[in-house]
There are 2 protein chains.
Amino acid sequence: MATIKDVAKLAKVSISTVSLALNGSERVSADTLKRIQDAANSVGYSPNPLAQGLKAGRSRMIGMVLADLANPFYSQMLKQVENLLIDHQYLVVVASSRGNAKRERAILETLASQRVSGIILSSHITSPEDVAYLKSLKIPMVLVDHKVDGFAADFVGCDNRMASAMLTERLIREGHTRIAHLAGVEGLWTAEERNQGFRATMAAFGLEVDESLILHGDYDGDIGYKQAMRMLVRPDKPTAVVAANNVMALGALQAMRDLGIKCPEEVSLTAIDDAPWSKVIEPKMTMVVQDVNEIAEMATRFLIDRTTPAGADIPPREHILVPQFVLGQSIASPVKAASFQDSAP
Amino acid sequence: MATIKDVAKLAKVSISTVSLALNGSERVSADTLKRIQDAANSVGYSPNPLAQGLKAGRSRMIGMVLADLANPFYSQMLKQVENLLIDHQYLVVVASSRGNAKRERAILETLASQRVSGIILSSHITSPEDVAYLKSLKIPMVLVDHKVDGFAADFVGCDNRMASAMLTERLIREGHTRIAHLAGVEGLWTAEERNQGFRATMAAFGLEVDESLILHGDYDGDIGYKQAMRMLVRPDKPTAVVAANNVMALGALQAMRDLGIKCPEEVSLTAIDDAPWSKVIEPKMTMVVQDVNEIAEMATRFLIDRTTPAGADIPPREHILVPQFVLGQSIASPVKAASFQDSAP
DNA sequence: TTGTATGCGTTATCAA
DNA sequence: TTGATAACGCATACAA
């Protein structure tokens with residue numbers, strides 16, 4: 001690979017002049033500039049990012065740390081973020097924390113040592129030590145989806161309390177009283193918020209929450225299946241379920257299929273987050289969706305702003321999306337369920 | 001961030017000794033080794049990868065270039081690859097070519113300038129110049145999913161001809177003669193292979209291929225919807241469809257839904273590639289699937305082998321997966337279709 | 001307007 | 001067994 005020396009030699013100038021010229025300095029004569037450009041082209045010169053990074057103390061890379069790269073919500077976010085960042089000459093280093101705080105921290109340390117220009121992070125960190133570590137990082141950072149208590153950083157995500165509240169209220173107005181919540185990981189911000197939204201709405205309608213109907217998962221399909229199975233085989237099964245995310249809802253639907261339980265006739269199902277396959281699953285899911293592209297765009301914008309010289313002075317910003325309700329065919333009134341059971345053999 | 005100098009100062013040795021010691025050289029006394037390790041720990045030293053990369057001429061990063069980061073097939077592959085590479089201390093730089101050869105080449109140039117240790121590439125390159133460029137790259141590379149004609153490199157993917165042949169044969173044996181093919185991008189290797197498999201099987205059974213029933217798409221859902229719509233509104237619509245990938249099949253299914261066409265009663269649908277939602281879509285898709293994790297594992301192994309000192313001498317290897325047939329409810333015999341239409345008002 | 005020299009943090013060569 | 005020094009490729013302060 002051609003280096004700056006090759007260009008300098010060919011253009012018969014010093015390497016500093018080449019550097020100056022190629023970085024658009026004013027103080028280079030039009031004549032030599034042309035010579036240098038020609039030389040650079042003819043040897044196919046492009047600066048070594050490693051050398052630039054070493055010199056500058058940071059590289060033109062952005063780290064993206066997510067819990068599950070195969071989750072459609074995150075993979076769409078990644079797609080969009082990469083798409084936007086590439087236009088700003090940033091490369092995206094992606095790493096999966098697997099929802100594990102220890103691993104997440106290890107990744108962050110690696111990214112920090114790589115001198116990435118910024119990090120987009122969907123954090124699963126909760127312990128005070130880890131939060132302190134986050135604070136100690138002097139790298140532009142934007143949190144997406146999950147907020148971290150005690151860490152004031154840019155954040156882009158939806159109003160999670162509202163999201164589960166919307167679904168819960170709808171189910172209650174549909175006549176349900178015995179509603180289960182397929183929740184996310186305990187302690188995780190989004191999970192807690194969604195849980196709170198569920199509880200608050202139940203309380204607002206004077207309904208008691210059966211704690212045994214709140215089962216936690218890791219936002220993955222397998223656990224969604226298992227936890228749903230657990231609640232569905234009970235004689236006092238719920239008449240409706242609020243799933244904390246799309247993939248767990250899918251697992252729950254699968255469980256109903258396997259048990260032969262009709263959705264929505266016997267059990268209504270609702271979920272937070274859209275998925276590419278939502279339109280063709282049967283029944284169509286009733287859900288509240290976040291505009292993942294909007295999240296990606298705002299996160300990218302926040303991050304790029306922070307990488308500017310004045311970026312460090314920007315006070316933490318937040319962009320909270322209002323989730324959108326999408327009515328499907330996965331909910332029905334429990335009256336129907338009762339009559340369905342009556343008519344069963 | 002602490003540098004090697006800090007460690008040297010604290011341990012009261014020269015930086016070269018520190019480097020020697022920390023890189024596990026034999027010729028460092030146990031005593032000084034201990035001192036150096038303690039010093040390194042106490043200042044929290046970790047070597048600067050940028051400096052290491054500059055010195056070594058390559059960085060501990062692997063580039064992964066895919067057409068669509070949101071396609072579940074690719075996102076699952078990415079997940080698995082990242083998962084395996086992180087254990088080998090490699091970071092994954094991911095970039096989307098969007099199926100565009102020009103962009104793909106630009107990305108490859110960027111990755112090359114970054115001195116990545118290797119590249120996993122799902123290539124959409126076809127032109128001789130671009131192929132020549134691929135050949136000129138002196139970076140360990142493994143092709144996945146798509147082969148590149150004229151470029152002998154490691155390859156991991158499935159037998160695409162066989163994949164579409166399996167579906168086509170099944171449909172023919174079911175009684176179909178008027179079969180459409182929702183194909184991939186013309187000129188693209190997998191697309192051509194799948195197309196060939198379809199044609200060869202049709203020919204083997206003495207069936208003529210209606211060229212107007214071979215419509216090409218870019219493996220994306222939108223185009224799948226549009227192209228399917230195009231063939232489904234025809235009075236002489238096909239009785240069965242072989243979709244070249246999962247996402248396009250999804251689009252086709254959506255089109256049937258919108259038109260009120262029953263699947264499989266009126267039109268049978270089959271697809272190549274699994275998807276996380278395949279079990280809960282209605283009807284369950286009949287498909288041939290590739291084990292994407294196996295692809296990821298083999299690709300990673302091939303690549304890591306190539307990054308070893310002896311790696312360059314390994315002759316190009318291939319790992320061709322035999323696709324697996326998965327019977328769903330999305331196919332029926334055209335007899336049924338006829339009777340269905342007869343019974344229609 | 002251009003050139004010289006230094007340093008970014010490592011590794012490696014050669015001396016000591 | 002350890003240390004001084006060069007080199008990787010670039011950007012920049014300072015000289016000319």
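Numbered from 1 within each chain, the chains take letters A, B, ... in sequence-line order. Computed from a predicted model, the values in this text were never measured in an experiment.
Remark: B:Arg105 is positioned above the aromatic ring of B:Tyr133, its terminal NZ or CZ atom under 6.0 angstrom from the ring centre and at most 45 degrees off the axis.
Between atom CG of residue A:Leu321 and atom CG of residue A:Asp291 there is a gap of 6.5 Å, rounded to the nearest 0.5 Å. We find the CE-OG distance between B:Met1 and B:Ser46 to be 6.0 Å, quoted to the nearest 0.5 Å. The CE atom of B:Met77 lies 11.5 Å from the CD atom of B:Glu294; values are rounded to the nearest 0.5 Å. In this structure, the separation between CG on A:Leu137 and CG on A:Leu121 is 9.5 Å, given to the nearest 0.5 Å.
For the pair B:Glu26 CD and D:dT2 P, the computed distance is 13 Å after rounding to whole Å.
Using a 4.0 Å cutoff to heavy atoms of chain B, the contacted part of DNA chain C runs 5' to 3' from C:dC8 to C:dA12.
Terminal axes of the helix from C:dT1-D:dA16 to C:dA16-D:dT1 (five pairs each, C1' rotation axis) are separated by 50°, to the nearest 10°.
Sequence neighbours left out, the pairs with a member in residues 16-28 of chain B that pass side-chain hydrogen bond (donor to acceptor under 3.5 Å, both in side chains) are B:Ser14-B:Ser16, B:Ser14-B:Thr17, B:Ser19-B:Asn23.
With respect to the salt-bridge test (charged N to carboxylate O, under 4.0 angstrom), the residues A:Asp305 and A:Arg317 qualify.
Taking the six-membered ring where the residue is Trp, the centroids of B:Phe155 and B:Trp189 are separated by under 6.0 Å.
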Just distance, no hydrogens or angles: give the donor-acceptor pairs under 3.5 Å from side chains in residues 64-76 of chain B, sequence neighbours left out.
{"from": "B:Asp68", "atom 1": "OD1", "to": "A:Lys79", "atom 2": "NZ", "distance (Å)": "3.1"}
{"from": "B:Asp68", "atom 1": "OD1", "to": "B:Ala70", "atom 2": "N", "distance (Å)": "3.0"}
{"from": "B:Asn71", "atom 1": "OD1", "to": "B:Phe73", "atom 2": "N", "distance (Å)": "2.8"}
{"from": "B:Tyr74", "atom 1": "OH", "to": "B:Ser122", "atom 2": "OG", "distance (Å)": "3.2"}
{"from": "B:Tyr74", "atom 1": "OH", "to": "B:Asp145", "atom 2": "OD2", "distance (Å)": "2.9"}
{"from": "B:Tyr74", "atom 1": "OH", "to": "B:His146", "atom 2": "NE2", "distance (Å)": "3.2"}
{"from": "B:Ser75", "atom 1": "OG", "to": "B:Asn71", "atom 2": "O", "distance (Å)": "3.4"}
{"from": "B:Ser75", "atom 1": "OG", "to": "B:Pro72", "atom 2": "O", "distance (Å)": "3.3"}
{"from": "B:Gln76", "atom 1": "NE2", "to": "B:Asn293", "atom 2": "OD1", "distance (Å)": "3.1"}

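Residues passing the side-chain hydrogen bond (donor to acceptor under 3.5 Å, both in side chains) test with A:Gln37, sequence neighbours excluded: none.
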(request) Summarise how protein sits on nucleotides 6-15 of chain D as a single string, 5' to 3': B when a protein heavy atom is under 4.0 Å from the base, S for sugar-phosphate-only contact, - for no contact. (result) -BBBBBB---
